[in-house]
Amino acid sequence: MRQKEVTFMALGTVNKIQVRYPDQEEEMIGDVLDMIVERVTKISENCNFYDEHSEVGLINSYAGEKKVKVSYDTLKIIQKGKEYSLKTNGLFDITAGVLTKLWDINHNDGHIPSRLKIFKAKRLVNVKDIYIEGTSVGLKRKGQMIDLGSIAKGYCVDLTKEILVSEGIKEAIINYGGSVVTIGKSYRIGIQNPFKKQGEIIGVLDIQDQAVVTSGNYEHFFVKNKKRYSHLLDLRKGRPVDNNIASVTLVADSALEADVYTTVVFMNTSSSYASKVVILNDGRYYMSDHLRKVFHKVGYI
């Protein structure tokens, strides 16, 4: 068996695919990986919230005016995003782009939006205002914005697994910016220590043919008056989540589903999601009972 790894930039992060395959499939594997990189890169471009010329950017620009024809993958992500938004009773909503833009956590130097601006932005968040006609997508009200940043990565991880499996790959690990999916044998997946530098973990999970996704308040944030404002927004309040959770790790069959529900668990700690590891701001952590059987502690918080 041979091993091949490809690393590329897309979706605002570093992405890695590692596959194991028989010697005679060398050329085929190279072609498949090239195809995946090209497709994921295109999805990243089409779903770029910050590019007004991307497919998502055009939908947002023409909100309240007209619909926009989109590519197959953008349409699928929006359809999935709308489906999960409706399921989660307002805890997750892909039309929260107006709040994403208002807070602009990645470039914010400490500015806190006024209550009035937050109130007005909140009124524009409603996934029911997305309408889909064939391969075209629109928003009913001017000023509304779709933001697929919370699920595009998960979609691409699931898509990559689907393509590899369809090509007969029996062993692989896909890691797109910390959203991980495994194929075949059991892999040990680390859980980031939210209080240490990138790569320092508190432990590992033995995972086989599943997705592991972590979201934390340490990833993107700014600090003002000793208070941390993270990129994770509580849509009920229109403000960054303010609770005692530092990170949430979920294990699921789908990376996209895990993307959605890490957000949900962050806002609703009593969520009954079956497979989770939650690390609190004071260093304590808890996990679902069945995950204890596959968890191995290797570090200290």
Exercise. Could you list the residues that satisfy side-chain contact (heavy atoms from CB on, under 4.5 Å) with Ala172, not counting sequence neighbours?
Key: Val19, Leu164, Ile169, Ile183
Quiz item: Got a sec, which residues hit side-chain contact (heavy atoms from CB on, under 4.5 Å) with Lys227, two or more places apart in sequence or on another chain?
Solution: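 Scan of Lys227 (side-chain contact (heavy atoms from CB on, under 4.5 Å), adjacent residues dropped) gives Tyr229, Asp242.
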Return the set of residues passing side-chain hydrogen bond (donor to acceptor under 3.5 Å, both in side chains) with [X] (not counting sequence neighbours), or none when no residue passes.
{"X": "Ser254", "result": "Asp158"}
{"X": "Arg188", "result": "Asp206, His296"}
{"X": "Glu55", "result": "Ser71, Thr74"}
{"X": "Lys226", "result": "none"}

Between [X] and [Y], is any pair of side-chain heavy atoms under 4.5 Å apart?
{"X": "Ser85", "Y": "Lys82", "answer": "no"}
{"X": "Arg20", "Y": "Arg2", "answer": "no"}
{"X": "Glu52", "Y": "Leu58", "answer": "no"}
{"X": "Lys122", "Y": "Ile118", "answer": "yes"}
{"X": "Cys156", "Y": "Leu11", "answer": "yes"}
{"X": "Lys80", "Y": "Leu256", "answer": "yes"}
{"X": "Met287", "Y": "Arg292", "answer": "yes"}
{"X": "Asp51", "Y": "Glu45", "answer": "no"}

Practice problem: Please collect all ring pair (Phe, Tyr, Trp, His ring centres under 6.0 Å) contacts where either partner lies in residues 132-158, sequence neighbours excluded, each pair once. | Solution: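 Output for this query is empty, none listed.
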Exercise. Might you work through the ring-ring contact (aromatic ring centres under 6.0 Å, His included) test for Tyr261 and Phe266, ending with a clear yes or no?
Key: CA-CA 8 Å; Tyr261 283 99; Phe266 240 103; over 10 Å; no
Will you find, in the side chains of [X] and [Y], an N or O donor that is under 3.5 Å from an N or O acceptor?
{"X": "Glu171", "Y": "Tyr21", "value": "no"}
{"X": "Ser230", "Y": "His220", "value": "no"}
{"X": "Asn193", "Y": "Glu200", "value": "no"}
{"X": "Thr249", "Y": "Thr214", "value": "yes"}

[X], [atom1] atom: more than 12 neighbouring heavy atoms under 6.0 Å:
{"X": "Arg115", "atom1": "CZ", "result": "no"}
{"X": "Arg123", "atom1": "CZ", "result": "no"}
{"X": "Lys170", "atom1": "NZ", "result": "no"}
{"X": "Phe119", "atom1": "CZ", "result": "no"}

Please list, chain by chain and in numerical order, all residues satisfying ring pair (Phe, Tyr, Trp, His ring centres under 6.0 Å) with [X], sequence neighbours excluded.
{"X": "Phe92", "result": "none"}
{"X": "Tyr218", "result": "none"}
{"X": "Phe295", "result": "none"}

Could you list the donor-acceptor pairs under 3.5 angstrom formed between side-chain atoms of residues 132-139 and any protein atom two or more places apart in sequence or on another chain?
from, atom 1, to, atom 2, distance (Å)
Glu133, OE1, Lys67, NZ, 3.3
Thr135, OG1, Lys69, NZ, 2.8

Self-check item: Partner of Thr160 by side chain to side chain contact (heavy atoms under 4.5 Å, CB included), out of Val32, Val165, Ile36, Leu33
Solution: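 Going through Val32, Val165, Ile36, Leu33 one by one, the side chain to side chain contact (heavy atoms under 4.5 Å, CB included) with Thr160 is satisfied by Ile36 alone.
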Quiz prompt | With Leu232, the side chain to side chain contact (heavy atoms under 4.5 Å, CB included) member among Pro240, Ser215, Ser150 | solution = Ser215
Quiz prompt | Joint hydrophobic cluster, Tyr286 plus Val264, side-chain heavy atoms closer than 4.5 Å | solution =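 Yes, Tyr286 and Val264 fall within the same hydrophobic cluster.
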Whether the side chain of [X] engages the backbone of [Y] through a donor-acceptor N/O pair (distance < 3.5 Å, no angle test) should be reported.
{"X": "Gln208", "Y": "Tyr187", "answer": "no"}
{"X": "Asn217", "Y": "Ile245", "answer": "yes"}
{"X": "Trp103", "Y": "Gly238", "answer": "yes"}
{"X": "Gln210", "Y": "Ile207", "answer": "no"}

Exercise. Kindly indicate whether a cation-pi arrangement holds for Lys66 with Tyr62, taking the cut-offs as under 6.0 Å to the six-membered ring centre and within 45° of the axis.
Key: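 Checked: cation-pi criterion met.
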Quiz item: When you measure from the centre of the six-membered ring of Phe222, is the NZ or CZ of Lys224 under 6.0 Å away and within 45° of the axis?
Solution: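 Here Lys224 fails the 6.0 Å and 45° test against Phe222.
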Quiz item: Hey, is Lys153 close enough to Asp259 for a salt bridge, meaning N to O under 4.0 Å?
Solution: no
Quiz prompt | Electrostatic pair Lys42:Glu38 at N-O distance under 4.0 angstrom | solution = no
Self-check item: Test side-chain contact (heavy atoms from CB on, under 4.5 Å) applied to Asp104 and His111, step by step
Solution: CA-CA 9 Å; Asp104 194 19; His111 172 70; over 6 Å; no
When rounded to the nearest 0.5 angstrom, what is the spacing between [atom1] in [X] and [atom2] in [Y]?
{"X": "Phe221", "Y": "His231", "atom1": "CZ", "atom2": "NE2", "result": "11.0 Å"}
{"X": "Lys120", "Y": "Leu99", "atom1": "NZ", "atom2": "CG", "result": "14.0 Å"}
{"X": "Asp93", "Y": "Thr95", "atom1": "CG", "atom2": "OG1", "result": "3.5 Å"}
{"X": "Thr41", "Y": "Met9", "atom1": "OG1", "atom2": "CE", "result": "10.0 Å"}
{"X": "Lys16", "Y": "Ile173", "atom1": "NZ", "atom2": "CD1", "result": "10.5 Å"}
{"X": "Lys276", "Y": "Leu250", "atom1": "NZ", "atom2": "CG", "result": "8.5 Å"}

Quiz prompt | Pairing residues for Glu219 by the salt bridge (charged side-chain N to carboxylate O under 4.0 Å, His left out) criterion, not counting sequence neighbours | solution = none
